[in-house]
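This structure is a prediction, so every number in the text was calculated from the model and none was measured.
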Amino acid sequence: TWEISNRLMQRTLASLGFEAVTTVASGEAVLEACRHADFDLCITDVNLPGIDGIEVTTQLQLLPSAPLVIGLSGSADPTTEVCGLAAGMKAFFTKPVARPQLEEALQDLLMYGPLEDALYRNIPGRVSPSI
């Protein structure tokens, strides 16, 4: 159930040094939370109740201070990953995600920024490529 997944993710993030973690139960709740507070990161399951994680990601990109999004899915379907990345997810994992993989992605995203942003940030006239 989502409660168990949320608790496991909270514990994992706490063990990685994240002190403030907000969890919600649906896609709509993700959007509502992000409209009222600035989050650096959103880790979302693709199969959320209500609006799915891919649509959540698409809508988050429209916010003035959109969080970085990491997607999770219980399905190893490569189409789901491609759709998630195209929607704006900066990383995608099939569950269960190994702690070292998540830790590496978090370090890369939060410390260095997404690769394409780093590559294209200082080149005049270039737009970050869509995946």
State, to 0.1 Å, how close [X] and [Y] come at their nearest heavy-atom pair, and which atoms those are.
X   : Y   : value
P49 : A25 : CG-O, 3.3 Å
D45 : N47 : OD1-N, 2.8 Å
L60 : A66 : O-CB, 3.1 Å
V46 : S73 : CG2-CB, 4.0 Å
C42 : V30 : SG-CG1, 3.9 Å
A29 : V24 : CB-CB, 3.6 Å

request  = Flag yes if more than 12 heavy atoms outside E104 fall under 6.0 Å of its CD atom; otherwise flag no.
outcome  =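 Count not over threshold, so no.
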
Quiz item: When you look at CG of D77, are more than 12 heavy atoms from neighbouring residues, nucleotides or ligands closer to it than 6.0 Å?
Solution: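 More than 12 heavy atoms, drawn from other residues, nucleotides or ligands, come within 6.0 Å of this atom.
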
Distance check, rounded to the nearest 0.5 Å: [X] atom [atom1] versus [Y] atom [atom2]?
X   : Y    : atom1 : atom2 : answer
D38 : S65  : CG    : OG    : 3.5 Å
I54 : F92  : CD1   : CZ    : 6.5 Å
F18 : L106 : CZ    : CG    : 4.5 Å
T23 : M9   : OG1   : CE    : 11.5 Å
K95 : L72  : NZ    : CG    : 6.5 Å

* Just jot down the side chain to side chain contact (heavy atoms under 4.5 Å, CB included) partners of A20, sequence neighbours excluded, or say none. =>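 Per chain and number, A20 pairs via side chain to side chain contact (heavy atoms under 4.5 Å, CB included) with no residue.
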
Open item on the list: Just to verify, what does I51 make a side chain to side chain contact (heavy atoms under 4.5 Å, CB included) with, not counting sequence neighbours?
Closed with: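 Residues passing side chain to side chain contact (heavy atoms under 4.5 Å, CB included) with I51: E28, L31, E55, V56, Q59.
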
Taking a hydrophobic cluster as the set of Ile, Leu, Val, Met, Phe, Trp and Tyr residues connected by side-chain heavy atoms closer than 4.5 Å, whether directly or through intermediates, do F93 and L68 fall within one such cluster?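 Yes; L68 is reachable from F93 via cluster members.
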
* side chain to side chain donor-acceptor pair (under 3.5 Å) partners of residues 10-22, not counting sequence neighbours, each pair once ->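 Pairs touching residues 10-22 that pass the test: S15-R99.
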
**Message:** As a test of understanding, state which of V69, D40, I70 forms a side chain to side chain contact (heavy atoms under 4.5 Å, CB included) with L109.
**Reply:**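 Answer after filtering V69, D40, I70: I70.
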
Quiz prompt | Any donor-acceptor pair under 3.5 Å from T80 side chain to A76 backbone | solution =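 It does not hold such a pair.
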
Could you tell me whether D108 and K90 have a side-chain N and a carboxylate O separated by less than 4.0 Å?
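Between K90 and D108 there is no salt bridge, as every charged N stays at least 4.0 Å from the carboxylate O atoms.
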
